[in-house]
Amino acid sequence: MTANVAVETTPEIPLWNDPSHPVSARVDALIGAMTLQEKIAQLYGVWVGASANGGEVAPHQHDMEEAVDLDALLPSGLGQLTRPFGTAPVDPALGALSLLRTQTRITSANRFGIPAVAHEECLAGFAAWGATAYPVPLSWGATFDPDVIRRMAAAIGRDMRAVGVHQGLAPVLDVVRDLRWGRVEETIGEDPYLVGTIGTAYVQGLESAGIVATLKHFVGYSASRAGRNLAPTSVGPRERADVLLPPFEMAIREGGARSVMHAYTDIDGIPSAADEKLLTGLLRDTWGFDGTVVADYFGIAFLKTLHGIAGDFADAAGAALTAGVDIELPTVKTFGAPLADAVAEGRVPESLIDRALRRVLTQKADLGLLDPDWSPVPPAFAGADLDDPDALRGTIDLDSPANRELAREIAEKAVVLLANDGTLPLAAPRRIALVGPNAAEGTAVLGCYSFPQHVGVQHPEIPVGIELPSLGESLAAEFPDAEITVARGTGVDDGDLSGIAEAVDTARDADIVVVALGDRAGLFGRGTSGEGCDAESLALPGAQQELLNALLDSGTPVVTVLLAGRPYALGRAVEDSAAIVQSFFPGVGGTRAIAGVLSGRTAPSGRLPVSVPRGPGSQPATYLGARLAQASEVSNIDPTPAFGFGHGLTYTTFAWSDLTLDTEQTPTDGEFTASLTVRNTGERSGTEVVQLYLHDPVASVVQPVQRLVGYTRLELAPGESRRVRVTVPADVASFTGRDGRRIVEPGELELRLAASSTDARLTTRVTLTGPVREVDHTRRFHAQFRVE
């Protein structure tokens with residue numbers, strides 16, 4: 001007897017929803033089925049804020065945008081949701097519920113059921129209320145440790161993905177060209193190789209968690225005149241090719257970044273948002289980038305309002321699409337009705353819209369957003385009762401113990417000991433005078449893109465959401481037997497001198513003075529560091545130098561501690577401080593990391609990612625200067641730094657010896673290996689950072705005196721020695737020649753194995769032989785270190 005078997009049939013699904021077909025075929029089918037308005041709708045975002053009670057998001061209004069009517073927009077679809085968590089303080093679980101419900105609304109409203117890509121800032125951690133605030137990128141650079149930054153980015157990405165976010169607007173790969181620029185804190189440093197290696201590690205970590213990493217700002221934003229934000233840029237093609245572009249090349253080729261954000265600025269009269277040679281010719285045709293190009297916020301509209309190369313918003317939209325911008329952010333302005341009208345009038349060909357749409361839909365397909373089983377329920381809600389918002393409150397932890405431990409590790413590795421006369425580590429002081437504007441301020445560890453400083457300051461009635469111990473609290477925990485007296489002295493930038501006398505009296509009654517100086521992060525003039533908070537000079541803000549000088553005159557040893565977003569000239573403190581500790585907005589674990597360095601519980605291992613200037617007015621200057629940029633007898637301005645790029649002390653000493661070279665000659669397509677021994681000659685464990693600099697004595701175009709081409713961290717116990725071998729491909733000696741081609745030239749090179757750009761320990765020379773050789777973006781980027 002044969003049993004009756006029910007045969008299950010799968011209802012036919014549209015080709016674009018069928019993952020068994022190639023993505024390209026799915027995308028082509030979907031584009032072919034869309035109306036013009038449905039196509040355009042996928043090319044813009046809407047700036048929203050999550051609901052505090054878990055309801056649908058509400059459009060965020062900004063003084064640069066008109067009100068958005070979601071009911072009118074959503075039937076055509078929506079490309080992106082801008083900052084659903086980072087617009088207002090909302091419990092993470094209720095924010096995730098709000099995003100879930102909004103995605104449900106979006107997919108129900110458009111006839112193809114396509115959800116939006118949700119993007120967020122993640123420059124110093126996920127920019128959401130209650131999320132871990134990690135050290136800022138300048139501290140990433142100070143670690144000289146790509147691995148720990150890769151792990152941090154993966155942790156940030158997992159938190160974002162868990163609550164339904166798809167894309168992160170980081171990292172910043174701008175190379176510092178002028179320390180007065182307010183966004184120095186957002187950069188990784190002044191050297192393109194350091195920026196490239198650390199930035200690529202961040203991209204790898206974020207992408208490993210399934211988050212689309214967005215490289216910014218492409219390109220030249222950091223090279224503005226006088227360090228002003230969104231100011232004219234003067235960059236020649238060689239500086240662009242050899243200094244500004246390499247980090248982006250590396251992060252795309254080795255990091256796998258899937259998105260790029262254009263810069264606001266123009267180079268030689270061509271705004272990046274309208275630069276077809278940059279966004280299509282170089283980025284896509286030459287480098288092979290196949291991801292999405294997103295607009296920096298309002299950047300397309302700026303083609304009309306700031307750059308003046310477009311007569312109206314339709315012209316601006318057409319110029320951006322032609323150049324290769326795919327998505328307008330943060331909200332619809334030029335890619336909405338103006339673009340639709342321009343297509344109808346024949347001013348913009350629909351083929352440009354299809355080109356951008358293909359990239360957008362391909363990325364959505366890769367994210368699984370076109371699959372039939374896609375669900376708006378994020379991983380954090382697995383098994384949760386979504387019908388009870390009150391029960392969800394507090395159930396998602398974006399500041400886990402593991403996150404905080406990782407933040408602490410990075411903060412400790414990023415603390416730079418600039419100077420020390422032997423006072424540090426402190427030996428059980430009885431009386432500590434803790435002085436300065438950042439002595440008792442918990443938020444002094446935060447950069448401008450941390451949630452509390454970026455958004456939270458606009459909501460003073462809402463708790464900060466994360467634990468931020470002040471330096472005073474961390475010192476009290478570190479030195480429980482000490483009497484700690486706190487005196488403000490002066491504010492960060494108020495110029496108030498009235499508290500200095502009291503601070504000096506406090507200092508005279510103490511065994512040691514710890515003075516906590518630096519910055520307050522903010523936006524657009526609300527701080528001394530951050531976006532739109534540029535500095536006229538590199539003097540300490542406000543009356544901080546006056547306070548510092550008075551303390552140095554007190555007769556009590558002074559340990560100068562900087563919690564800042566950029567380095568500052570410290571005047572006589574460079575010579576007169578007992579010790580100087582530099583920290584760049586080190587995040588939630590920052591004050592404990594500093595306290596641990598002061599006590600000796602941890603040994604400092606950070607190295608400067610930017611030079612510390614000797615004088616406040618010598619900018620712009622970086623260690624990458626050519627010979628004419630050095631001190632000379634024909635100028636009264638000396639740009640020599642107080643502490644050079646790569647500098648950092650620790651609590652032990654190291655001896656470098658036995659440098660050997662496997663060959664004295666190699667072809668322009670060859671490589672060579674140098675070896676040296678590094679030994680810890682002190683009495684405690686410590687970290688040395690071996691840095692490899694290249695000096696090209698004679699080249700066909702002017703070169704920097706030296707440039708970093710490799711580095712490695714060594715952790716050595718007392719008396720321990722390690723043999724370090726570094727294999728150097730000739731490719732790392734390449735530069736842009738007179739005709740614009742990147743070349744490796746024959747000739748002699750000097751290798752400097754150094755503890756910093758100002759402290760070469762061992763040098764050797766090698767000769768490249770053979771013909772001039774052309775290389776491109778596929779060249780070998782790295783000198784490979786091996787520690788034996």
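- To the nearest 0.5 Å, the span separating OG1 on Thr485 from CG on Asp505 amounts to 11.5 Å.
- Heavy-atom minimum distance, Ala507 versus Ala433: CA-CB, 3.9 Å.
- Taken from CD1 in Ile594 to OG in Ser599, the straight-line distance is 12.0 Å, to the nearest 0.5 Å.
- For the residue pair Ala595 and Arg601, the shortest heavy atom distance occurs at C-NH2, 4.5 Å.
- Taking CG of Leu562 as the reference point, atom CD1 of Ile580 lies at 7.5 Å (rounded to 0.5 Å).
- Side chains of Ser657 and Thr677: no donor on one and acceptor on the other come within 3.5 Å.
- Nearest heavy atom pair, residue Ala419 against residue Phe643, reads CB-CZ, 4.2 Å.
- Taken to the nearest 0.5 Å, the CG atom of Leu676 stands 11.0 Å off from the OG1 atom of Thr764.
- Side-chain atoms of Glu720 come within 3.5 Å of backbone atoms of Ala717 as a donor-acceptor pair (strictly under, hydrogens ignored).
- Inspection of the Glu190 and Ser611 side chains reveals an N or O donor paired with an N or O acceptor under 3.5 Å.
- Proximity of a side-chain donor or acceptor of Thr663 to a complementary backbone N or O of Thr666 within less than 3.5 Å is not detected.
- The closest side-chain heavy-atom distance from Thr767 to Leu749 is not below 4.5 Å.
- A side-chain donor-acceptor contact under 3.5 Å links Gln691 and Tyr693.
- Judged purely by atom type and a 3.5 angstrom limit, Gln784 has no side-chain atom pairing as donor or acceptor with the backbone of Val726.
- When Lys413, Arg607, Arg151 are each tested for a side chain to side chain donor-acceptor pair (under 3.5 Å) with Asp145, only one passes: Lys413.
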Query raised in the report: So Tyr202 and Arg150, side chain to side chain contact (heavy atoms under 4.5 Å, CB included) or not? Walk me through it.
Result: CA-CA 5 Å; Tyr202 181 92; Arg150 188 179 297 108; over 6 Å; no

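- For the pair Val732/Phe781, no side-chain contact is recorded, criterion being any heavy-atom separation below 4.5 Å from C-beta on.
- Side-chain contact, Thr758 with Tyr623: no donor N or O sits under 3.5 Å from an acceptor N or O.
- At a cut-off of 3.5 Å, with distance as the only test, a side-chain donor of Glu441 or Thr443 sits close to an acceptor on the other residue.
- At least one side-chain heavy atom of Val610 sits less than 4.5 Å from a side-chain heavy atom of Leu179.
- Distance alone, capped at 3.5 Å, places no donor-acceptor pair between the Glu186 side chain and the Arg183 backbone.
- Neither side chain, Gln582 nor His647, offers a donor N or O lying under 3.5 Å from an acceptor on the other.
- We find that Glu788 and Arg722 are not joined by a salt bridge, their nearest charged nitrogen and carboxylate oxygen being 4.0 Å or further apart.
- Contact of the Leu194 side chain with the Tyr711 side chain is registered, since non-hydrogen atoms from C-beta on lie closer than 4.5 Å.
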Report task. Given salt bridge (Lys or Arg N to Asp or Glu O under 4.0 Å), test Arg566 with Glu185 step by step and report yes or no. Result -> CA-CA 6 Å; Arg566 63 166 68 84; Glu185 64 170 77; over 6 Å; no

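- Judged purely by distance below 3.5 Å, without hydrogens or angles, the side chains of Arg713 and Ser605 pair a donor atom with an acceptor atom.
- Under the 4.5 Å side-chain criterion, counting only non-hydrogen atoms from C-beta, Val724 is not in contact with Arg786.
- The two residues Pro641 and Arg614 have their closest heavy-atom pair at O-NH2, 3.8 Å.
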**Report entry** Worked verdict on Val513 versus Val559 for side chain to side chain contact (heavy atoms under 4.5 Å, CB included)
**Finding:** CA-CA 6 Å; Val513 178; Val559 176; over 6 Å; no

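- Residue Leu540 forms a side chain to side chain contact (heavy atoms under 4.5 Å, CB included) with just one option from Leu517, Thr528, Asp519, Leu547, and that option is Leu517.
- A distance-only check finds a donor-acceptor pair linking the side chain of Asp511 to the backbone of Arg431 [under 3.5 Å].
- No hydrogens or angles considered: a donor-acceptor pair under 3.5 Å links the side chains of Asp399 and Thr132.
- Rounding to the nearest 0.5 Å places OG of Ser734 at 11.0 Å from CG of Asp696.
- Side chain of His695 to backbone of Gln706: no donor-acceptor contact under 3.5 angstrom is found.
- By the 4.0 Å N-to-carboxylate-O rule, Arg780 lies close enough to Glu671 to be salt-bridged with it.
- Summarising the geometry, atom CD1 belonging to Ile188 is positioned 13.5 Å from atom CZ belonging to Phe584; distances are rounded to the nearest 0.5 Å.
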Report task. Please step through side-chain hydrogen bond (donor to acceptor under 3.5 Å, both in side chains) for the pair Ser450 and Tyr134, ending with a clear verdict. Result -> CA-CA 8 Å; Ser450 67; Tyr134 292 89; over 6 Å; no

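- Side-chain N/O atoms of Ser577 and Thr560 include a donor and acceptor closer than 3.5 Å.
- Side-chain atoms of Thr650 come within 3.5 Å of backbone atoms of Pro604 as a donor-acceptor pair (strictly under, hydrogens ignored).
- For the residue pair Arg592 and Ser474, no side-chain donor N or O sits within less than 3.5 Å of a side-chain acceptor on the partner.
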Query - Evaluation steps, side-chain hydrogen bond (donor to acceptor under 3.5 Å, both in side chains), between Arg725 and Ser675 - result: CA-CA 4 Å; Arg725 301 187 189 278; Ser675 303; 2.8 Å; yes

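- For Thr681 and Thr653, the side-chain atoms include at least one donor-acceptor pair closer than 3.5 Å.
- When atom types are taken as modelled, the side chain of Asn420 and the backbone of Thr423 share a donor-acceptor pair closer than 3.5 angstrom.
- Side chain of Asn549 to main chain of Asp553: no donor-acceptor pair is present (N/O by atom type, distance under 3.5 Å, no hydrogens or angles).
- The closest side-chain heavy-atom distance from Pro247 to Val175 is below 4.5 Å.
- Put simply, the side chain of Leu753 reaches to within 4.5 Å of the side chain of Trp656, judged on heavy atoms.
- Distance alone, capped at 3.5 Å, is enough to place a donor-acceptor pair between the Thr652 side chain and the Gly682 backbone.
- By the 4.0 Å N-to-carboxylate-O rule, Arg765 lies close enough to Glu750 to be salt-bridged with it.
- No hydrogens or angles considered: nothing links the side chains of Glu254 and Thr200 as a donor-acceptor pair under 3.5 Å.
- Crowding of Glu467 atom CD: a count of heavy atoms from other residues, nucleotides or ligands under 6.0 Å exceeding 12.
- Considering only heavy atoms from C-beta on, Glu664 stays 4.5 Å or farther from Phe672 through its side chain.
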Query - Leu418/Val612 under side chain to side chain contact (heavy atoms under 4.5 Å, CB included): CA gap, chis, key distance, verdict - result: CA-CA 9 Å; Leu418 297 183; Val612 173; 4.1 Å; yes

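- Contact detail for Ala603 and Tyr651: the closest heavy-atom pair is CA-CD1, 4.1 Å.
- Nearest heavy atom pair, residue Pro586 against residue Gly590, reads CG-CA, 3.4 Å.
- Within a 6.0 Å radius of CD in Glu483, no more than 12 heavy atoms belonging to other residues, nucleotides or ligands are found.
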